[in-house]
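Taking it in order: structure first as structure tokens, then the write-up.
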Amino acid sequence: MPRIAVLPSTVADQIAAGEVVERPASAVKELVENALDAGATALDVEVEDGGRALIRVSDDGTGMDAEDARLALARHATSKIRQAGDLVGVASYGFRGEALPAIASVSRLELLTAVEDGSATLVRAAAGAVEDVTEGSRRRGTTVAVRQLFFNTPARRKFLRSARSEWRAIADTLVTVALARRDVRIRVTSDGREALVVAPAPTLRARVASIWGGEFAERFLDVDGVSGPIRVCGIVERPGDVGVASRRAFVMVNGRPVRDTGIARAVESAYRSTLPAGLRPSFVLELTVPADEVDVNVHPAKAEVRFHNRWVVERTVERIVQTALGTGDAAPWIGRGWSPGLPGAEAASGALDTLPAVRATDDMPDDGLFHPGEQSTRAPGETAIAAAGVVVPPLVQLRRMYLMYEHDQGVVLIDQHSAHERVLYERFLGVVQDGGAPSQRLLFPETVHLSPADADAYEANADLFARLGYEIEDFGGHTVVVQAVPTPHPRFDALQCLRESLAALSGTRHTAVHARHEHLAATVACKAAVKAGDLLAPDEMRALFRALAATALPAHDVHGRTTIVRLSWDELDRRFGRR
Ligand SMILES: Nc1ncnc2c1ncn2[C@@H]1O[C@H](COP(=O)(O)OP(=O)(O)O)[C@@H](O)[C@H]1O
Ligand SMILES: [Mg+2]
């Protein structure tokens with residue numbers, strides 16, 4: 001008597017269902033993807049009781065004839081691939097031929113489908129067994145209704161969460177679809193109430209506006225970059241707008257929504273030094289990579305992909321996002337009107353927007369106070385402004401705190417301390433990594449007594465202070481003698497900066513080398529920068545402006561505060577009743 005038996009297909013389907021249909025949201029995802037694969041331009045989704053009582057997805061796609069309608073419920077029945085080789089670069093969402101049979105095996109399912117307006121086929125099944133096939137009528141397209149999900153698998157039903165939380169998961173799924181396919185009209189109702197209605201949108205930003213509102217859409221910067229065969233485009237949140245709540249992160253790879261913590265981390269590292277610890281930016285990014293660089297068949301619900309060269313993909317994402325964060329447009333606006341669906345509105349406020357434009361270098365001599373420093377190591381293109389030279393507009397200092405100037409689209413304010421901090425941070429990070437900071441011997445070496453904590457901080461960072469240009473002898477017993485100091489600008493008070501930096505550094509330990517470098521550069525930059533309250537001479541203001549424009553991330557200081565705020569003419573005109 002053999003002990004091994006091949007399982008009946010209904011049992012096999014139920015087992016597969018465990019992987020494909022975890023919960024109502026996964027059924028919704030599969031049904032919607034089938035509709036999109038059938039070329040739908042409009043989707044109607046109805047949900048009752050968080051999808052537990054009913055999920056109905058209707059589309060205006062190609063529909064199926066009677067024979068296909070019956071076959072669609074059979075395991076491994078698919079119209080999308082014919083052989084294993086077709087998996088490379090497969091463009092349809094589905095290809096495994098498991099979803100419909102899996103869903104059918106754990107529900108009561110009705111499939112009504114027509115290849116042209118008029119006569120349709122109606123297939124009814126329960127627990128995976130076809131009960132009857134009859135004629136019906138319908139416009140071209142398909143409706144799949146799934147009732148009583150998991151009615152025949154009580155163990156699975158027990159794992160369902162409350163209707164509310166199942167509905168939330170469904171809504172997330174549908175929002176993901178709406179972002180991935182902004183060409184499709186989508187209408188969603190939950191328990192008879194309209195939950196999401198979106199028309200085809202010309203841009204991702206417009207789609208975001210119709211899902212979460214125009215104000216939310218305004219928080220984002222456009223990203224669009226190509227590196228080798230990889231393209232990254234989409235929108236990322238302005239660092240200054242990143243808040244504690246409502247973070248939304250979406251990644252599409254070749255049109256397929258995926259969960260990918262690696263890419264999310266790459267995006268976050270692009271924000272490094274523009275966000276306080278713990279804040280995470282929202283973003284929607286679409287990656288286009290060569291079909292043979294990515295394997296989509298590694299997850300039953302196709303929610304994950306495998307990259308052949310993940311490191312390259314992640315670094316590319318990081319670099320392209322950081323380039324977007326480095327544009328003047330990364331600074332927040334006060335009251336700039338948002339106009340849905342006008343791509344021109346974004347184009348007009350593009351890259352060199354805030355720190356304006358280019359052409360001839362202002363030939364004011366640089367007085368050295370904020371001299372842009374040594375050789376830039378950044379690649380050309382990343383610093384278009386620096387490379388081309390900056391026209392410095394007339395600047396006014398307000399409250400010994402802000403620099404103000406006029407721009408095409410409004411008034412721009414720069415926080416002098418934050419701006420200088422950004423300038424010095426990028427310069428210090430360079431010398432902390434590579435050395436080579438100019439330093440000056442003191443005529444009279446200074447003896448500095450340190451508290452035990454500060455002495456520890458010094459010991460932990462002695463090598464980096466040396467690279468910054470400090471020449472310090474450690475006499476033990478918490479006393480050091482400073483022989484030479486860096487000279488980043490004439491107002492710089494080297495000893496005070498040393499003391500304040502050590503006080504700020506004490507108590508923090510970083511194990512990763514880059515984290516230690518960044519932390520030190522940020523701390524020293526903060527202490528070394530001009531303060532609020534410092535009166536700046538006109539040529540100092542110009543030099544600061546020019547140096548800021550030459551940084552990689554001019555719009556943000558190293559604590560995640562904005563360095564630039566823009567007040568739009570629109571807003572002023574509104575306030576003065578001019579419109
Ligand atoms: N909404 C639909 N419109 C047209 N055809 C559909 C629809 N849903 C399913 N089908 C057909 O049924 C087949 C089986 O669907 P499914 O089990 O999800 O497998 P897969 O999507 O992996 O091919 C599909 O290949 C497709 O031909
Ligand atoms: Mg499918």
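Only this structure's heavy atoms are used, side chains among them; waters, hydrogens and symmetry mates stay out. We count residues from 1, following the sequence as given. As the structure lists them, so they are numbered: ligands from 1, and atoms in each ligand from 1.
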Not counting sequence neighbours, which residues clear side-chain hydrogen bond (donor to acceptor under 3.5 Å, both in side chains) with Gln148? List them please. Arg108

Report all side-chain donor-acceptor pairs from residues 96-107 shorter than 3.5 Å, counting only partners two or more places apart or in another chain.
{"from": "Arg96", "atom 1": "NE", "to": "Glu98", "atom 2": "OE1", "distance (Å)": "3.1"}
{"from": "Arg96", "atom 1": "NH1", "to": "Asn297", "atom 2": "OD1", "distance (Å)": "2.6"}
{"from": "Ser105", "atom 1": "OG", "to": "Ala102", "atom 2": "O", "distance (Å)": "2.7"}
{"from": "Ser107", "atom 1": "OG", "to": "Ile103", "atom 2": "O", "distance (Å)": "2.9"}

Any ion pair linking Arg265 and Glu314 (charged N to carboxylate O, less than 4.0 Å)? no

Answer yes or no for Glu30: is there a heavy-atom contact with ligand 1 below 4.0 Å? no

Under 4.0 Å from a heavy atom of [X]: give me the atoms of ligand 1 that qualify, with their elements.
| X | answer |
| --- | --- |
| Ala38 | 3 (N), 4 (C) |
| Pro101 | 17 (O) |
| Thr78 | 20 (P), 23 (O), 25 (O) |

Taking the side chain as every heavy atom from C-beta outward, state whether Arg139 and Glu116 have any pair of such atoms under 4.5 Å apart. no

Please lay out, stage by stage, how Asp60 and Arg140 fare under the test salt bridge (Lys or Arg N to Asp or Glu O under 4.0 Å). CA-CA 6 Å; Asp60 63 349; Arg140 191 190 88 139; 5.9 Å; no

Counting only pairs under 3.5 Å, give me each side-chain donor-acceptor contact of residues 164-172, with atom names and distances, residues two or more places apart or in other chains.
{"from": "Glu166", "atom 1": "OE1", "to": "Arg23", "atom 2": "NE", "distance (Å)": "2.9"}
{"from": "Glu166", "atom 1": "OE1", "to": "Arg23", "atom 2": "NH2", "distance (Å)": "3.2"}
{"from": "Glu166", "atom 1": "OE2", "to": "Arg161", "atom 2": "N", "distance (Å)": "2.8"}

Indicate yes or no: does an N/O atom of Met64 lie under 3.5 Å from an N/O atom of ligand 1? no

Taking 2.8 Å as the distance threshold, tell me the number of protein N/O/S atoms next to the Mg ion (ligand 2). 1

Can the positive tip of Arg248 be found less than 6.0 Å from the middle of the six-membered ring of Phe216, inside 45° of the ring normal? yes

